[in-house]
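For the numbers below, each heavy atom of this structure counts, side chains included, while hydrogens, waters and symmetry mates do not. Letters go in sequence order (proteins before strands), and every chain restarts at 1.
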Number of protein chains: 2
Amino acid sequence: MVKPIELKSVCGCCTIRERCLPAGLSDEEVLVIDQYMEHRLPVKKGELLYSQGDPLEALFAISTGSFKTLILHEDGRSQITGFQLSGEIMGLDAISNERHVSDAMALEDSTVCKIPYDSFEELESEMSRLQHNFNKTLSSEIVKDHNLMLLLGSMRAEEKMAAFLINLSQRFHARQQSASELVLRMTREDMGNYLGLKLETVSRILSRFADEGLISVQGRHITLIDEKKLHSVTISA
Amino acid sequence: MVKPIELKSVCGCCTIRERCLPAGLSDEEVLVIDQYMEHRLPVKKGELLYSQGDPLEALFAISTGSFKTLILHEDGRSQITGFQLSGEIMGLDAISNERHVSDAMALEDSTVCKIPYDSFEELESEMSRLQHNFNKTLSSEIVKDHNLMLLLGSMRAEEKMAAFLINLSQRFHARQQSASELVLRMTREDMGNYLGLKLETVSRILSRFADEGLISVQGRHITLIDEKKLHSVTISA
DNA sequence: GTGAAATATTGATTTAGATCAAAGTTGATT
DNA sequence: AATCAACTTTGATCTAAATCAATATTTCAC
């Protein structure tokens, strides 16, 4: 009889291991991290994983599904700061003052892996590779945010929409999903909020792109038809 | 004769020590970090500390003066991602893929302290307090960026300008400078770029604020007169 | 100190996207 | 399968900010 190896390691056998926090770690290291985590907790569509003001207890990695994160202004306005897909880490903005400053809402029925932040910092000091990864994770978030600032600050509506679709396409592709058949999980209003546009503008521009043969639109199912042309929209008025 | 103590520790005696990377570290720890740094390197107004594409060699802390950081889009557009003051760390976005993705330009004659990134990561694994601080530093940058997204995505021009002035005022105040007498080091165009506005709009709104008695404007010297009213501009149309 | 270049202000006009409004469409729930 | 609520599309109109344009002012190099 063959002896089962590492039955206990959930991360070790996870299909997204190399696109998640344990990327590049040894099996032994992953096994250690594993012990501190809660794996694949279900979150129903529309549920909040955490909200503004909650004390930081843990970081979350998306196992399956997707989320939106948003911050609230005192006058009631909100800004969606990102749409997160599998392998992406949520809660990073809470490290700053040990309280969440954003809400994280599931866009579909999802599962997340949870690691207490205290444990995480301990593991970090024991595994320099984990520390290195985490610095990169945080830095990538900053780069991503800066790119969104460029989009929000200087792009026109069509350019924003094209950039958004291309970005989603690339991220789906990295997850072995189709790069051209996009199933959007967010509303037109969410897209607009994220891009600094009104929902009507989002709708109009999707229709226009469809008229021009760049994409086809059936509700939230969008097919990229001419990705090259779509890309050219993002770099020229 | 009195024996001088810790003559070698530059950070140890630095007036901004507690608002900089060594915040909260022991004198011994600071002394260690000190050995790896180059202190108070001068950077002339208009000079680039690093630019997009440069390999990440070091992180920089501003000792005196100020900088703007900006990213460039392939079509020539740019977005200023921040204005940095003393004690703030620059180069964080380069950790992600070990290359700078932004330019950092001195807005006035300035001095910076430089720490090689390799050394920094080693120090981090030896000093858990430093690691903790650095996680917070990176997270704060993310929070700051998210707030700018809210501004760029959903605020009107007047609200943006008011929020900008209040933010600068607070940061000057934290540095023992006047919270009401602001000496701006950036052009109207820089402000506009940062806020997603054109320079004419920046100029007009400053004039309007002055007409309404909220501020007074003499070129780049701006005095906040009615800060309460100014704040109310940021939370209501 | 002088002149040129860079920066800032103000006015007139235009326009991209917001707002207001009215149907459609989708999908969840009973 | 019917119903209701949430979401989406499309049209007409409005408006905040951009653009175009003309001076004014500041700054810096010589």
Rounded to the nearest angstrom, tell me the gap between atom [atom1] in [X] and atom [atom2] in [N].
{"X": "Arg188(A)", "N": "dT26(C)", "atom1": "CZ", "atom2": "P", "answer": "11 Å"}
{"X": "Arg156(B)", "N": "dT19(C)", "atom1": "CZ", "atom2": "C1'", "answer": "14 Å"}
{"X": "Arg208(B)", "N": "dA8(C)", "atom1": "CZ", "atom2": "C1'", "answer": "16 Å"}
{"X": "Asn193(B)", "N": "dT7(C)", "atom1": "CG", "atom2": "C1'", "answer": "16 Å"}
{"X": "Glu189(B)", "N": "dT25(D)", "atom1": "CD", "atom2": "P", "answer": "21 Å"}
{"X": "Lys198(A)", "N": "dC7(D)", "atom1": "NZ", "atom2": "C1'", "answer": "16 Å"}
{"X": "Met191(A)", "N": "dT8(D)", "atom1": "CE", "atom2": "P", "answer": "7 Å"}
{"X": "Leu199(B)", "N": "dA18(D)", "atom1": "CG", "atom2": "P", "answer": "10 Å"}

(request) Between Thr187(B) and Arg204(B), name the one whose nearest nucleotide on DNA chain C is closer to the 5' end. (result) Thr187(B)
Identify whether any heavy atom of [X] sits under 4.0 Å from a base atom; if not, whether one sits that close to sugar-phosphate; answer base, sugar-phosphate or nothing.
{"X": "Ser207(A)", "answer": "sugar-phosphate"}
{"X": "Leu206(A)", "answer": "nothing"}
{"X": "Lys160(A)", "answer": "nothing"}
{"X": "Gly196(A)", "answer": "sugar-phosphate"}

(request) Return the orientation label for the Tyr117(A) and Phe134(A) ring planes: parallel under 30°, perpendicular over 60°, tilted otherwise. (result)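 The rings of Tyr117(A) and Phe134(A) sit tilted, inter-plane angle from 30° to 60°.
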(message) Regarding dG27(C), can its base be found pairing with the side chain of Arg220(A) as donor and acceptor, where the two atoms are less than 3.5 Å apart?
(response) no
(message) What's the separation between atom CD in Gln84(A) and atom OG1 in Thr81(A), rounded to the nearest 0.5 Å?
(response)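 Interatomic distance, Gln84(A) CD to Thr81(A) OG1, rounded to 0.5 Å: 6.5 Å.
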(message) Quick test of your reading of the model: are Lys45(B) and Glu108(B) salt-bridged, counting only N-O distances below 4.0 Å?
(response)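 Here Lys45(B) does not pair with Glu108(B) in a salt bridge, since their nearest N and O are not under 4.0 Å apart.
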(request) State which of dG17(C), dA8(C), dC20(C) makes the closest approach to the side chain of Glu200(A). (result)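 The nucleotide sitting nearest to the side chain is dC20(C).
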(message) So if I take every side-chain heavy atom of Ser203(B) and compare against dA17(D), dT19(C), dT9(C), which nucleotide ends up nearest?
(response) dT9(C)
(message) Can you confirm whether or not the ring centre of Phe83(A) sits under 6.0 Å from the ring centre of Tyr194(A)?
(response)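 Yes - the distance between ring centres of Phe83(A) and Tyr194(A) falls below the 6.0 Å cut-off.
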(message) If you count heavy atoms of other groups shown closer than 6.0 angstrom to CD of Glu200(A), is the number above 12?
(response)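 More than 12 heavy atoms, drawn from other residues, nucleotides or ligands, come within 6.0 Å of this atom.
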